[in-house]
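Worksheet: one structure, shown below.
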Amino acid sequence: MKGRRLVALLVLGFAVVASRASDAPRAESQRAAISRSGVLGGADYLIEVPENWRGGLVVFAHGIQRGPGPGAVTAPPIGIHAVDKGHAWIASGYRAREYQPHLFIEDLVALRELFLKEIGPPRWTIIYGQSMGGHIVVASLELRPGLYQGGLAECGLVDGISIADYLFAYTAAAELISGVPLLDAPDKETFARLLNERVVPALGMPGAYTARGRQFDSVVKYLMGADRAGNDLPLRLQGLQRRYLMNMIHRDPDVEKESTPGGRAASTVHIRYRIDPGLGLTEDELNARVRRLRPSKEGRSPAANPVYAERTGKLTVPLITLHETGDAWVPLSLEQSYRRRTIAAGTDHLLVQRVHRAPSHCGFDGEMREQAFDDLVAWVERGVRPPGEDVLAPDLSRIGLRWTPILYPNDPLAPRR
């Protein structure tokens with residue numbers, strides 16, 4: 001009798017389990033990989049979706065490309081790693097070239113909409129950019145809250161139009177210290193001639209400065225982000241050698257006639273120049289005498305030109321940035337400036353910054369990039385805030401050691417034989 005009851009209970013139990021299994025939703029069918037290209041709004045694009053896509057989407061914003069016509073589409077450096085992790089990515093070549101992030105932000109938004117229509121909605125979207133793409137990343141996060149759930153910027157213009165402020169502050173300092181009226185040049189040809197025939201002899205070149213050149217280099221040291229104690233950024237001079245003359249740029253003397261949006265928006269009115277003592281030019285003299293450049297009437301207006309207005313620091317989602325110490329084209333000072341903005345906005349807990357001790361621009365190795373991406377995904381998916389470092393520390397002489405496994409031979413902390 002007991003045996004019959006036991007059998008009955010076993011049969012009943014099996015029936016209940018079988019019933020629950022049949023009621024459970026069926027597993028999703030296997031999904032094939034997608035590799036697609038096309039043209040959208042005059043811009044070439046690429047779409048890559050891995051087999052059995054997990055639902056993550058990376059939107060890639062590439063750096064500046066020179067010349068006329070539409071830009072060239074390129075795969076994101078993180079693309080293979082993202083696909084290996086089960087995430088999709090999209091990339092646009094943009095409808096144009098040069099420095100026009102106001103257009104490129106819209107190109108990426110349109111491409112994302114196409115992805116939603118043709119592939120489906122992602123669980124999350126991360127916007128990832130390099131160099132000028134860093135401007136696109138941060139402006140997108142601030143101006144379009146809710147569209148992206150995270151951001152990753154390498155060697156990026158994270159403080160937006162501050163890149164133009166830096167370059168014109170650099171040029172104005174070269175003008176004052178060399179005694180050559182660079183900013184009065186009516187065109188680029190005259191500017192280039194003044195630069196080569198008069199500025200170079202007056203200042204010299206990195207490694208072979210004149211006395212005035214040493215004054216200028218000290219000013220540049222602080223424009224690039226030297227700390228409050230006057231410590232130079234590691235490998236700054238090596239990085240400067242590549243950009244020394246190229247950072248001196250022309251703007252129409254009448255800013256209202258300037259054709260480039262960056263030139264129209266640039267301002268040096270707020271720049272407080274610094275210089276080391278004992279070089280024959282004091283800080284007060286420098287700030288009193290240097291020429292100040294103002295933006296065009298609406299070139300920097302938050303209402304008329306929000307992408308070229310000053311960034312606010314008002315993040316709503318996580319952002320990780322990577323930057324090199326010796327990047328003279330996009331200096332570490334932009335990271336410092338944006339950190340200050342997030343502190344003022346009360347959003348600095350959403351910003352993690354990592355620094356690599358290198359003289360390059362966008363020269364990160366795959367391991368550092370992939371680690372940052374994985375850390376950002378964990379932050380977005382599970383709320384795990386990863387470590388970074390303090391770019392506003394009073395002493396930056398040891399900055400970046402955690403993220404630089406092999407030091408350059410010229411690094412001041414590299415072992416000497």
Side-chain angles (χ1 to χ4, degrees), residues 63 77 129-135 137-138 152-159 162-163 165-167 169-170 173 206-207 209 216-244 246-247 274-276 319-340 342 351-369 371-372 375 386-416:
Q130 290 185 310
S131 195
M132 179 188 67
H135 187 158
V137 166
V138 177
L152 175 61
E154 296 179 21
C155 49
L157 280 57
V158 294
D159 202 41
S162 290
I163 183 62
D165 301 349
Y166 158 73
L167 292 172
Y170 183 108
Y209 283 130
F216 177 63
D217 186 68
S218 178
V219 172
V220 171
K221 179 180 82 169
Y222 289 106
L223 287 176
M224 286 180 61
D227 63 34
R228 283 171 279 174
N231 294 308
D232 206 347
L233 292 173
L235 302 166
R236 178 194 66 85
L237 192 59
Q238 288 81 358
L240 182 62
Q241 290 172 341
R242 309 175 187 186
R243 294 293 313 180
Y244 181 67
M246 293 165 59
N247 279 358
R274 294 182 63 191
I275 189 171
D276 291 317
L319 170 64
I320 296 179
T321 68
L322 310 177
H323 222 100
E324 292 123 311
T325 55
D327 188 343
W329 190 4
V330 182
L332 189 70
S333 56
L334 269 65
E335 296 276 358
Q336 296 166 336
S337 179
Y338 195 67
R339 166 62 69 178
R340 293 188 186 97
T342 61
L351 175 62
V352 166
Q353 295 164 297
R354 294 175 178 175
V355 178
H356 183 58
R357 297 169 74 94
S360 51
H361 174 65
C362 298
F364 302 100
D365 63 25
E367 185 176 347
M368 184 178 185
R369 174 184 293 124
Q371 183 63 61
D375 288 347
E389 60 188 315
D390 184 6
V391 298
L392 298 178
D395 183 350
L396 297 178
S397 60
R398 302 182 66 82
I399 193 171
L401 285 176
R402 178 171 185 174
W403 316 106
T404 313
I406 301 176
L407 297 179
Y408 277 74
N410 291 331
D411 191 296
L413 298 183
R416 295 289 181 261

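Nothing here was measured: the structure is a model prediction, and the numbers come from that model.
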Review point. Which distance, rounded to the nearest 0.5 Å, do you find between the CZ of Arg339 and the CG of Leu392?
Key: 7.0 Å
Check your understanding: For Gly363, does its backbone N or O pair with a side-chain atom of Glu324 as donor and acceptor, under 3.5 Å?
Key -> yes
Point to revise | All salt bridge (Lys or Arg N to Asp or Glu O under 4.0 Å) counterparts of Arg236, not counting sequence neighbours | key: Asp217, Asp232
Review point. Under 3.5 Å, side chain of Glu335 to main-chain N/O of Val158, donor-acceptor pair present?
Key: no
Check your understanding: Could you go step by step and tell me if Leu322 and His356 meet the side-chain contact (heavy atoms from CB on, under 4.5 Å) rule?
Key -> CA-CA 7 Å; Leu322 310 177; His356 183 58; over 6 Å; no
Check your understanding: Looking at OG1 of Thr404 and CZ of Arg354, how far apart are the two atoms once the value is rounded to the nearest 0.5 Å?
Key -> 12.0 Å
Exercise for review: Grab the two heavy atoms, one from Tyr338 and one from Leu351, that are nearest each other, plus how far apart they are.
Suggested key: CD2-CD2, 4.0 Å
Check your understanding: To the nearest 0.5 Å, what is the distance between OG (Ser162) and CG (Leu167)?
Key -> 11.0 Å
Exercise for review: Ignoring hydrogens and angles, tell me if any N or O in the side chain of Glu389 forms a donor-acceptor pair with the backbone of Ile399 under 3.5 Å.
Suggested key: no
**Study point:** Separation of Arg242 CZ from Trp329 CH2 (nearest 0.5 Å)
**Key:** 12.5 Å
**Study point:** Shortest non-hydrogen contact from Ser218 toward Tyr222
**Key:** O-CD1, 3.2 Å
Review point. Would Leu401 and Leu407 count as a side-chain contact (heavy atoms from CB on, under 4.5 Å) if you check the C-alpha gap in whole Å, the side-chain angles of each, and the deciding distance to 0.1 Å?
Key: CA-CA 8 Å; Leu401 285 176; Leu407 297 179; 4.0 Å; yes
Review point. Which pair of heavy atoms, one from Gly225 and one from Gln336, lies closest together, and at what distance?
Key: O-NE2, 3.0 Å
Practice item. For residues Asn231 and Ala226, report the shortest heavy-atom separation together with the two atoms involved. Key: O-CB, 3.3 Å
Point to revise | Donor-acceptor under 3.5 Å (Lys221 side chain, Gly230 main chain) | key: yes
Review point. How close do Gly63 and Ser131 get, heavy atom to heavy atom, and via which atoms?
Key: CA-CB, 4.2 Å
Practice item. Determine yes or no for a side-chain-to-main-chain donor-acceptor pair under 3.5 angstrom, with Asn247 supplying the side chain and Tyr170 the backbone. Key: no
Practice item. Walk me through it: do Phe364 and Cys155 pass the test side-chain contact (heavy atoms from CB on, under 4.5 Å)? Key: CA-CA 9 Å; Phe364 302 100; Cys155 49; 4.1 Å; yes
Practice item. Quick one: list whatever passes salt bridge (Lys or Arg N to Asp or Glu O under 4.0 Å) with Asp227, sequence neighbours left out. Key: none
Review point. Mind checking whether Phe216 and Tyr244 have parallel, tilted or perpendicular rings, split at 30° and 60°?
Key: perpendicular
**Study point:** Distance in Å, Ser360 OG paired with Leu235 CG, rounded so as to fall on 0.5 Å steps
**Key:** 9.0 Å
Revision key, fill the gap. Residues passing the side-chain hydrogen bond (donor to acceptor under 3.5 Å, both in side chains) test with Tyr408, sequence neighbours excluded, are none
Study note, to complete from the structure: Closest non-hydrogen contact found for Leu237 with Pro206 is CD1-CB, 4.1 Å
Review point. What pairs meet the salt bridge (charged side-chain N to carboxylate O under 4.0 Å, His left out) rule with one or both residues in residues 355-368, with sequence neighbours excluded?
Key: Arg357-Asp411
Revision key, fill the gap. dist Met224:CE -> Asp327:CG (nearest 0.5 Å) comes out at 7.0 Å
Exercise for review: Applying side-chain hydrogen bond (donor to acceptor under 3.5 Å, both in side chains), name anything that partners Thr325, two or more places apart in sequence or on another chain.
Suggested key: none
Point to revise | Test side-chain contact (heavy atoms from CB on, under 4.5 Å) applied to Val391 and His323, step by step | key: CA-CA 10 Å; Val391 298; His323 222 100; over 6 Å; no
Study note, to complete from the structure: Contacts of Arg369 meeting salt bridge (Lys or Arg N to Asp or Glu O under 4.0 Å) (sequence neighbours excluded), chain-then-number -> Glu154
